[in-house]
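Report on one structure; see the data block that follows.
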Amino acid sequence: MQLKLPHNHDKNIQTVLEKMPDAEKFSHAALIFQQLEDPTRLKILWILCHSRECVSDIAAAVGMSKAVVSHHLQLLRRSNLVTGTRIGQEIHYSLSGTDEAKLLHKTIDAIFSITCPSENF
């Protein structure tokens with residue numbers, strides 16, 4: 001699809017536009033980025049990048065109520081960044097195995113200048 005652009009500064013723009021993802025993929029990417037805009041959710045995600053934890057432990061670690069943490073976990077689950085596994089009466093949360101979650105794990109470690117503790121085992 002050739003677009004008539006007002007200016008032709010870069011002849012490569014048509015090739016770039018042909019490879020541009022559709023609106024649905026941009027919406028999905030925006031949902032993932034929205035998860036990182038909240039410091040508490042980012043802290044929860046950081047914890048789950050490095051450990052599998054239940055809501056009670058996460059709540060204690062971030063100094064918030066279980067209800068608030070559960071809300072954040074629900075948002076992270078909806079965007080497929082974390083997953084939960086029932087163990088007895090508890091659900092233990094961890095980073096999901098999606099490509100996006102793995103990339104965020106590496107990105108979060110790089111932003112905080114750490115080496116993932118789980119890589120040392």
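Positions are given from 1 along the sequence. Hydrogens, waters and symmetry mates are skipped; everything else that's a heavy atom, side chains included, is used.
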Q | Heavy-atom donor-acceptor pair, T107 side chain to L103 backbone, under 3.5 Å | A | yes
Q | Short side-chain to backbone donor-acceptor contact, S79 and L76, under 3.5 Å | A | yes
Q.
Once side chain to side chain donor-acceptor pair (under 3.5 Å) is applied, what residue pairs with a partner in residues 33-42 remain, sequence neighbours excluded?
A. Q35-R41, R41-H72
Which distance, rounded to the nearest 0.5 Å, do you find between the [atom1] of [X] and the [atom2] of [Y]?
X: E53; Y: I44; atom1: CD; atom2: CD1; answer: 12.0 Å
X: K66; Y: D57; atom1: NZ; atom2: CG; answer: 10.0 Å
X: I91; Y: L73; atom1: CD1; atom2: CG; answer: 9.5 Å
X: R52; Y: T83; atom1: CZ; atom2: OG1; answer: 8.0 Å
X: K106; Y: L104; atom1: NZ; atom2: CG; answer: 12.0 Å
X: H71; Y: S65; atom1: NE2; atom2: OG; answer: 11.0 Å

Q | Smallest separation among heavy atoms of R78 and L31, with atom names | A | O-CD2, 4.4 Å
Q) According to a 4.5 Å side-chain heavy-atom criterion applied to Ile, Leu, Val, Met, Phe, Trp and Tyr, with indirect links allowed, do L45 and L75 form part of one hydrophobic cluster? A) no
Q. Considering residues at least two apart in sequence or located in another chain, which fulfil the side chain to side chain contact (heavy atoms under 4.5 Å, CB included) criterion with A101?
A. L81, L95, S96, T98
(Q) For D22, give me all partners under side chain to side chain contact (heavy atoms under 4.5 Å, CB included), at least two apart in sequence or on another chain. (A) E24, K25
Q: With side-chain contact (heavy atoms from CB on, under 4.5 Å) as the test, would you mind laying out the steps for L42 and F112 before giving the verdict?
A: CA-CA 11 Å; L42 183 57; F112 291 109; 4.3 Å; yes
So do [Y] and [X] actually touch side chain to side chain, heavy atoms under 4.5 Å?
X: S94; Y: T85; value: no
X: V68; Y: V62; value: no
X: Y93; Y: C54; value: no
X: M20; Y: V16; value: no

